[in-house]
Structures are given as structure tokens and as C-alpha cells.
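Proteins get letters first, then strands, A, B, ... in listed order; numbering begins at 1 in each.
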Amino acid sequence: MPELPEVETIKRQLSTKLVGLRLTDFWSDTPKMVIGNPEDLLGSEIKEVRRRAKLLEIDTSKGVTLLIHLKMTGQLLYQDKTTDTYHGSALPPLKKPIPNSSTHVILHFDNGAKLYFNDLRKFGYIKILRTNDVEHTRILSEFGPEPFDPDLTLENFITRLKKRKTMKIKQLLLDQKFLAGVGNIYANEALFKANIDPRKKVAELSEEQMKELFKQVKNVLEVGIKAGGASDQTYVNAFGEKGKFMDYAVVYRRKGKPCETCGAKIERIALGGRGTFFCPKCQL
DNA sequence: CACTTGACCTGTCCGC
DNA sequence: TGCGGACAGGTCAAGT
């Protein structure tokens with residue numbers, strides 16, 4: 001999905017809408033996407049919306065938290081009671097009105113608002129669990145640091161990096177245990193900005209390259225958040241709007257197009273089964 | 001152990 | 001227009 005900037009965008013929007021609302025009903029047509037008991041949520045009030053890596057956490061007054069992962073094609077869409085149609089502008093990729101055939105969970109609130117969880121590929125999920133247990137769920141407890149965590153200093157980053165000598169740097173950036181929240185789009189873009197060949201093993205990086213990578217990972221994520229995320233395919237924010245980050249992407253999904261720095265053609269290869277885009281001249 | 005591969009789903013796009 | 005194949009932002013379990 002939705003990587004860190006996309007989830008952060010949704011988190012900020014939902015915070016302004018959901019906090020204080022009471023959950024009145026929970027509907028789903030796809031059992032595998034709902035883990036836990038929705039009954040535990042009914043009647044509770046939304047207290048806070050948070051993000052950890054690419055996951056969204058919605059805390060409720062009953063000591064129960066919704067843990068939501070959008071995976072590749074998940075969308076969370078907020079609809080006010082006041083609008084019969086969708087809250088935002090329902091433009092592609094939100095081609096169909098909601099709910100539609102990819103709507104698999106609907107939360108109803110006491111003010112008439114609804115939250116739709118759409119997921120074309122049904123990879124995403126909502127976990128319902130006790131708030132106290134959230135930190136101990138395997139997925140969360142094993143995550144690496146947040147890129148913007150002030151405790152993650154350059155020194156710390158380099159120390160962690162050096163422990164993973166043989167891994168290709170691109171694949172390491174996608175490893176959530178190393179760094180939480182970076183996905184394929186931002187990994188490709190950060191490596192371009194840092195002039196690093198994605199196939200390079202960590203042990204082959206210079207200290208200077210590590211330093212630059214640390215800076216550029218945070219930089220592309222920041223640009224991503226400011227752009228409201230990347231709408232390469234199906235991503236839309238909680239109001240159904242596209243993000244603008246693809247306007248800033250210089251390598252991702254640009255195979256055969258000229259590199260903006262040197263004019264060489266952008267190449268595409270597969271690394272760990274994921275599309276990997278880079279400039280063969282600029283990235284060493 | 002560290003790393004790689006295939007599976008989970010359903011759609012779009014591109015070439016013939 | 002139809003058909004087949006490649007590709008799609010993420011993880012997880014199983015295999016090497």
C-alpha cells in the first residue's frame with residue numbers, strides 16, 4: 001500500500017473526523033479480513049488514531065484497538081452523513097461510488113458517518129484486540145525504528161546497517177525489521193537521490209553513501225507526506241483524493257524514460273521479486 | 001540463522 | 001476485439 005506517507009495522510013484525516021464518535025455497527029462480508037470479535041467494539045468511543053510503520057491504530061474507549069493494515073490495495077474512506085455521495089471528489093482511481101464490489105468492511109458511527117474499508121485484492125486486514133496487547137503483537141513488536149524517531153541518529157542507523165552486510169541495500173530498505181514504513185516506491189526514490197545502486201550489498205557501501213542514504217530516505221518520505229502520498233495505482237486518501245507524490249518520482253515506474261540528471265534510460269530489474277528502478281549511470 | 005521464493009487475490013495494461 | 005502474460009505500493013510461511 002500505502003507506505004508510510006500514505007498511511008500518515010490517512011491517519012491525519014481520520015483523526016480530525018473520528019475522534020469522539022461512537023461506533024454503532026460493524027459489517028463485513030469477508031471473514032479473513034477481520035481478526036477478532038467486532039462485538040467488542042460496539043458502543044465504544046474513538047479516542048485516538050495513530051500510525052506505526054504502515055499500520056493504523058484506532059483506539060477506543062473500551063480498551064479495544066483496531067489495528068488496520070491496507071497492504072497493497074486497501075483504501076479507508078470516510079463518508080459524512082451529510083453527503084449521500086462520497087465525501088471527496090470521486091475521481092479515478094475511485095471510479096465507482098462506495099460501497100462497491102471491493103468494499104469489505106463498513107464501520108457505522110453515531111453521527112451517521114461511515115468508514116469504508118475497500119480492498120481489491122483482500123490482502124489487508126482489521127485486527128480487533130485489547131489496547132494493552134497492541135504493542136505485543138508480533139508484527140508491531142518486531143518492527144525497526146520509525147524513520148523520524150529522534151532516537152534514530154545517523155550513528156545508530158549506520159551501526160544497524162553494518163550488521164546486515166550481505167543483503168542488497170534495496171531489499172534491506174524494504175525490511176520492516178530494519179526500518180519501519182519504507183515501501184517499494186520510496187525505497188527506489190531514496191536510492192536514486194543518494195546515487196546508490198540498488199543491487200549493491202550493504203558491505204560495499206561507503207560511509208559517505210550510508211550517510212547520504214539516511215538523509216535521502218527521510219527526505220523522500222517527507223516529500224511524500226507533503227504531497228499527500230503516491231497514487232500510482234489505487235491509493236486514495238480518506239477523502240477519496242489522490243496523492244501527488246508520483247509527480248516528484250524520478251525513477252519509480254519510469255523504465256525507459258530519461259534520467260532527469262544525466263539523460264540515460266531508467267532501467268527496471270527485479271530484486272526479491274519487486275520491481276526495482278534505477279539510473280545505470282548515476283547510481284553506483 | 002540469513003536470505004529467497006511462492007502464496008495470498010483481482011484487476012489493468014500491453015503486445016500480438 | 002480477444003487472449004495471454006507481466007505487473008501491481010506488503011507481508012508471511014516454507015524452503016534453501
Side-chain angles (χ1 to χ4, degrees), chain A residues 1-10 29-33 35 51-56 67-76 92-96 100-105 117-127 137-144 160-191 198-199 201-203 217 220-221 223-225 227-237 242-246 248-249 251-256 267-277:
Chain A
M1 110 148 144
E3 308 179 29
L4 186 153
E6 290 75 32
V7 182
E8 179 65 23
T9 301
I10 293 171
D29 68 350
T30 309
K32 66 161 266 190
M33 293 178 66
I35 301 139
R51 178 192 62 74
R52 170 78 171 112
K54 302 168 190 172
L55 287 136
L56 215 55
L67 195 60
I68 304 176
H69 203 313
L70 301 174
K71 292 285 181 84
M72 309 272 255
T73 52
Q75 302 176 329
L76 272 181
L94 191 65
K95 293 169 189 155
K96 297 181 267 184
N100 58 45
S101 56
S102 65
T103 302
H104 298 299
V105 181
F117 184 11
N118 292 359
D119 191 351
L120 173 66
R121 292 167 76 178
K122 300 181 190 167
F123 289 175
Y125 60 77
I126 295 187
K127 271 186 192 170
T137 60
R138 188 152 80 92
I139 180 151
L140 287 190
S141 63
E142 291 185 359
F143 275 150
R160 294 168 51 76
L161 203 51
K162 285 181 173 171
K163 287 182 189 157
R164 306 290 293 272
K165 302 185 198 341
T166 64
M167 192 166 232
K168 295 191 182 78
I169 185 60
K170 159 82 184 315
Q171 285 170 267
L172 183 57
L173 286 179
L174 296 179
D175 183 347
Q176 302 300 294
K177 291 177 190 130
F178 173 68
L179 194 62
V182 177
N184 205 25
I185 296 179
Y186 297 96
N188 277 297
E189 294 300 316
L191 286 166
R199 297 165 291 189
K201 294 190 168 157
V202 173
V217 165
V220 293
L221 291 173
V223 173
I225 292 170
S231 288
D232 181 40
Q233 313 239 65
T234 60
Y235 171 74
V236 289
N237 66 28
K242 291 186 183 190
K244 295 182 170 57
F245 182 77
M246 290 311 289
Y248 303 93
V251 286
Y252 183 72
R253 286 272 201 133
R254 293 177 57 80
K255 178 185 171 185
E267 288 184 15
R268 179 193 188 279
I269 57 169
L271 279 189
R274 317 300 308 284
T276 301
F277 301 83

* Report the distance from atom CG of A/Leu174 to atom CD of A/Gln176, rounding to the nearest 0.5 Å. =>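 Going from CG on A/Leu174 over to CD on A/Gln176, the span is 7.5 Å.
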The side chain of [X] is closest to which nucleotide in this list: [options]?
X        : options               : answer
A/Thr166 : B/dT10, B/dA2, B/dT4  : B/dA2
A/Tyr125 : C/dC12, C/dG10, C/dA8 : C/dC12
A/His69  : B/dC3, B/dT4, C/dG10  : C/dG10

Return the value, rounded to whole Å, for the distance between atom [atom1] of [X] and atom [atom2] of [N].
X        : N      : atom1 : atom2 : value
A/Met167 : B/dC1  : CE    : P     : 16 Å
A/Arg268 : B/dC13 : CZ    : P     : 17 Å
A/Phe123 : B/dC9  : CZ    : P     : 7 Å
A/Leu172 : C/dT11 : CG    : P     : 14 Å
A/Lys71  : C/dA8  : NZ    : P     : 18 Å
A/Leu55  : C/dC12 : CG    : P     : 9 Å
A/Leu120 : C/dG10 : CG    : P     : 16 Å
A/Gln75  : C/dG10 : CD    : P     : 16 Å

* Inter-nucleotide P distance (B/dC1, C/dT11), Å rounded ->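 It works out to 23 Å between them.
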* How far, in whole Å, is C/dC3 from B/dC9 if one measures between their P atoms? ->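 Here B/dC9 and C/dC3 have their P atoms 25 Å from each other.
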* Test for a donor-acceptor pair under 3.5 Å between the base of C/dA8 and the side chain of A/Arg121, counting only N and O atoms. =>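 Counting by modelled atom types and ignoring angles, a donor-acceptor contact under 3.5 Å is found here.
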* To do: Verify the distance criterion only: is there a donor paired with an acceptor across the side chains of A/Thr73 and A/Asp119 at less than 3.5 Å?
  =>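 Side chains of A/Thr73 and A/Asp119: pair found under 3.5 Å.
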OP1 or OP2 of [N] under 4.0 Å from side-chain N/O of [X]:
X        : N      : answer
A/Lys122 : B/dC8  : no
A/Lys177 : C/dT11 : no
A/Lys54  : C/dT11 : yes
A/Arg274 : C/dA8  : no
A/Gln171 : B/dC3  : no
A/Gln176 : C/dG10 : no

Look at all strands and tell whether [X] reaches a base, only sugar-phosphate, or nothing, counting heavy atoms closer than 4.0 Å.
X        : answer
A/Gly183 : sugar-phosphate
A/Tyr252 : sugar-phosphate
A/Asp232 : base

* Relative to each other, are the rings of A/Phe277 and A/Tyr252 parallel, tilted or perpendicular (30° and 60° limits)? ->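 A/Phe277 vs A/Tyr252 ring planes: perpendicular.
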* Asked: Considering Watson-Crick and G-U wobble pairs with both distances under 3.5 Å, what does B/dC9 pair with?
  ->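 Looking at the geometry, B/dC9 pairs with no nucleotide.
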* Nearest atoms (heavy-atom pairs only) where A/Leu4 meets A/Ile225 ->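 Nearest pair, atom of A/Leu4 first, then A/Ile225: CD2-CD1, 4.0 Å.
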* Asked: Looking only at heavy atoms, what is the nearest atom pair of A/Tyr235 and A/Pro2, with distance?
  ->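 Heavy atoms of A/Tyr235 and A/Pro2 come nearest at CD1-CG, 4.1 Å.
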* Answer yes or no: is there an ion pair linking A/Arg51 with A/Glu8, defined by an N-O contact shorter than 4.0 Å? =>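 Salt bridge between A/Arg51 and A/Glu8, a charged N being under 4.0 Å from a carboxylate O: yes.
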